[in-house]
Structure formats: C-alpha cells, structure tokens
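Here's the structure, in structure tokens; my notes come after.
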Amino acid sequence: MSVAGLKKQFYKASQLVSEKVGGAEGTKLDDDFKEMEKKVDVTSKAVAEVLVRTIEYLQPNPASRAKLTMLNTVSKIRGQVKNPGYPQSEGLLGECMIRHGKELGGESNFGDALLDAGESMKRLAEVKDSLDIEVKQNFIDPLQNLCDKDLKEIQHHLKKLEGRRLDFDYKKKRQGKIPDEELRQALEKFEESKEVAETSMHNLLETDIEQVSQLSALVDAQLDYHRQAVQILDELAEKLKRRVHDASSRPKREYKPKPREPFDLGETEQPNGGFPCAPAPKITASSSFRSSDKPARTPSRSMPPLDQPSCKALYDFEPENDGELGFREGDLITLTNQIDENWYEGMLRGQSGFFPLSYVEVLVPLPQ
C-alpha cells in the first residue's frame, strides 16, 4: 500500500474512533437515503431467509440434506458430472410398497393393492423431482443471483461511501491544516460514492417486479405439482375402489382342515405297560470325547492395529448411493478421513466408502 493510502486509512480510523468514543458527529445523510438503505437491508434479509426456507420446503429432511450436500461435494472433488438427487419420501414409500407387494404375490388382494399404490407413489416422487427442478431454475437461482450480485454490489458501494465519509469528516475538522484542494477532492469523492450507492439502491427497489415474477413462478410450479398429484391419487383411488368391489363380490373360500394321518403306536407290550425304549447306544473309545480334541474356532473379524484410527459398527448400514460403505453390526472399520460433522470415510475388507457417524462408535480417533 502506498504512503497516501496508509494516510487515508489512518484518517478513517482516527475519525471512527472520535465518533465512537469521543461522540463526534459526522456528516449526516439525508432522510430519503436512510429510508432507501433501510428498505434494501430488509429486502436483503427477506431474500436470504426465503431462500433457506424454500430449500427446507423442497427438502424437509435435514439429515438427507446434509448427506446430499456431502455427496455433491464428493462428486465435485471426483469430477463427476451427475450428482445424486434428493431421496423423495414418496419414492421411498413406493419402493417399500412394491417390494412387499411382490413378496405377497399375485394371489393376495393386499399384495396387488400395494403394487398399485407403490407405482403411484413413485410417480408422485417423479413429479416432486420436477417441482424441485422447476423451483430451482425459476425461483431459487434468480434470488441467489440477486444476493450474490446486486445486493452484494450495493453493500460494496455503501461500505465505500462510509469510508469516504470518514475521510472527508477527518479532513473537514482539520480545515486550515490540510490543503483546500485535498479537502475539495475528499468532498467530491464522498458525493460521488453517495450518488453511486443511491442509484444502485433505487434501481433495485424500482425493479422489484422481477422478484414478484419469480414468486409467481414458484406458485405456478406448486400448482402444476398439486394438479398432477391429484390426478395420480384420483387414479389410484379408483383402482383401489375397484379392487375392493371385486374382492367383495368373490365367493369366500371355506377353510377345510386336512385329515390327520393315523399314528401307529405299535403292538409290543412292555412289562411296565409303557412304550418300548430303544437301547442306549454304546459309547466306545473312538466316539467318546478325548481330552486332546479341541472344538474348532470360528475365524474372528479382522481387527485393525490398535494405534490406527478405527471404529466399531453399532448397527447394520445398507448403502443407498454410490460411494457409500456398507457394514454389519460389530464390524471394525479403519478410518481414513472425516468428510464433515456427520460423515466418515473408511475401509472394510479392502473396500473404501462413506458412512454416517451415528452408526459407529469411534475406538481410535483420527489425528487432528
């Protein structure tokens, strides 16, 4: 930084201290400017919170959101183009219904109904995925761009304005000790920054029709989703009603127990009136237990060295996405990396992958 730049920083710091500690008054901005700055601040807070709440609305499960963020980060590190999608609850319910419907088989009314409902749930999940994409493109991304570009630029202009105000006020208090030309330049720069900041705030507030249009796009996407969801559920309801009607009209089958097989007790009579007893087997030296014989031991689980970072599985974990490491309760896993506060990376039986921290107990932690 040049000598002039260092002097300017000193002037600003001195003026700020005199205002905060000494109670000195600085140049006041007009009421219209302050009102505009207040509206921009409220707009900035509103956009930031609406973005967060919209993402929570589309992806309500915080654990799934954290897992999806972790997987997207890993995909970027590995250079993968396709990122895993959010696991919609309708899709998970549909897969569960289809799996058990197939297990029950086509002869079960309940099994057939589960298959119908499962397919409808999967269709609902696809419609929900379309809603996510539509809202992201037409609502979340434009608002995020507003935060990252327009609002950030306004904050930059306001910060620059405050710095030039402090510089001007410092020089104004020392009028006579500082050349008039330097004071005049400080005033011009202050007024220039004020005009730039005021223009950028005015443009943002006057073009808020764009945010209204984006909000309209959000509502249109929701309407489209609910229309398709109603259509899918209406079709499912009709199918289930037909199944109920068909099942009710069928004649009920009566249960006929199978005849019991006769049990022959034999005719041999014993002196004590009881059943014949089979002779006890003779114990020979070859069949008796020898003290030198030892029962075979089952192979134990492979255990990592005691000084190596490791953990023990508390529950079974079935991988649902590429890159995850599956294991069973009691498995000992070698820790290689901690992705974030919820996920580890480790190795088990020569395979590497990611798994949730809540499923394991850390035995030897990773070095800090």
Side-chain angles (χ1 to χ4, degrees), residues 1-56 69 73 136 138-218:
M1 184 180 291
S2 64
V3 177
L6 286 172
K7 287 174 64 179
K8 187 174 290 187
Q9 292 299 324
F10 174 75
Y11 294 161
K12 293 177 185 178
S14 298
Q15 179 64 23
L16 183 62
V17 170
S18 65
E19 290 180 7
K20 297 293 184 182
V21 179
E25 290 190 2
T27 301
K28 299 292 184 182
L29 297 169
D30 57 83
D31 293 339
D32 291 340
F33 186 94
K34 290 182 178 179
E35 183 65 22
M36 197 178 298
E37 187 178 4
K38 182 180 178 182
K39 288 181 179 179
V40 169
D41 184 58
V42 173
T43 301
S44 178
K45 291 178 180 177
V47 170
E49 186 168 0
V50 166
L51 276 173
V52 173
R53 299 302 180 189
T54 303
I55 293 173
E56 291 178 355
T69 302
T73 303
K136 185 177 185 304
N138 298 323
F139 185 70
I140 293 178
D141 287 349
L143 285 186
Q144 190 65 54
N145 184 62
L146 180 68
C147 281
D148 297 340
K149 186 179 178 183
D150 297 346
L151 291 172
K152 192 173 182 180
E153 184 178 340
I154 290 174
Q155 292 302 320
H156 168 73
H157 291 320
L158 290 173
K159 185 177 180 181
K160 192 172 183 179
L161 171 64
E162 178 64 10
R164 289 185 170 180
R165 182 195 68 77
L166 291 171
D167 180 61
F168 168 67
D169 285 342
Y170 177 86
K171 292 175 180 177
K172 185 173 65 172
K173 283 197 310 182
R174 286 155 183 79
Q175 190 173 5
K177 299 180 180 180
I178 292 179
D180 292 342
E181 179 62 23
E182 191 173 340
L183 179 61
R184 185 184 63 79
Q185 289 179 358
L187 176 60
E188 288 179 354
K189 288 183 178 180
F190 167 66
E191 291 178 344
E192 177 188 352
S193 289
K194 179 177 179 295
E195 184 178 349
V196 171
E198 202 166 22
T199 302
S200 61
M201 291 191 295
H202 174 79
N203 291 338
L204 174 72
L205 297 175
E206 287 299 314
T207 57
D208 60 352
I209 187 63
E210 295 181 6
Q211 284 76 62
V212 178
S213 176
Q214 292 151 10
L215 191 59
S216 176
L218 168 66

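Just so you know, residue 1 is the first one in the sequence shown, and it goes up from there. Given the structure is predicted, the values throughout are model-derived calculations rather than measurements.
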Examine distances only and state if a side-chain atom of T54 and a backbone atom of V50 form a donor-acceptor pair shorter than 3.5 Å. yes
Using modelled atom types and a 3.5 Å cut-off, is there a donor and acceptor pairing between side-chain atoms of N145 and backbone atoms of D141? no
Please determine whether a side-chain nitrogen of the Lys or Arg among R165 and E162 lies less than 4.0 Å from a carboxylate oxygen of the Asp or Glu. yes
Quick one: do K45 and D41 make a salt bridge, cutoff under 4.0 Å? yes
Least distance between heavy atoms, E198 atom then M36 atom: O-SD, 3.6 Å
S44 versus L151, closest heavy-atom pair with distance: CA-CD1, 3.7 Å
Test I140 against L51 for side chain to side chain contact (heavy atoms under 4.5 Å, CB included), laying out the working first. CA-CA 6 Å; I140 293 178; L51 276 173; 3.9 Å; yes
Go through R53 and E56 one step at a time and tell me if the salt bridge (Lys or Arg N to Asp or Glu O under 4.0 Å) criterion holds. CA-CA 5 Å; R53 299 302 180 189; E56 291 178 355; 3.0 Å; yes
What distance do [X] atom [atom1] and [Y] atom [atom2] have between them, rounded to the nearest 0.5 Å?
X    : Y    : atom1 : atom2 : answer
K38  : M201 : NZ    : CE    : 14.0 Å
D180 : Q175 : CG    : CD    : 6.5 Å
E210 : T207 : CD    : OG1   : 5.0 Å
T43  : L204 : OG1   : CG    : 6.0 Å

Note, L215 side chain near V212 side chain (heavy atom, < 4.5 Å): no
Which residues satisfy the side chain to side chain donor-acceptor pair (under 3.5 Å) test with E188, sequence neighbours excluded? R184
Residue list, salt bridge (Lys or Arg N to Asp or Glu O under 4.0 Å) with D30, at least two apart or on another chain: K194
Apply side chain to side chain contact (heavy atoms under 4.5 Å, CB included) to H157 and L161, showing your working. CA-CA 6 Å; H157 291 320; L161 171 64; over 6 Å; no
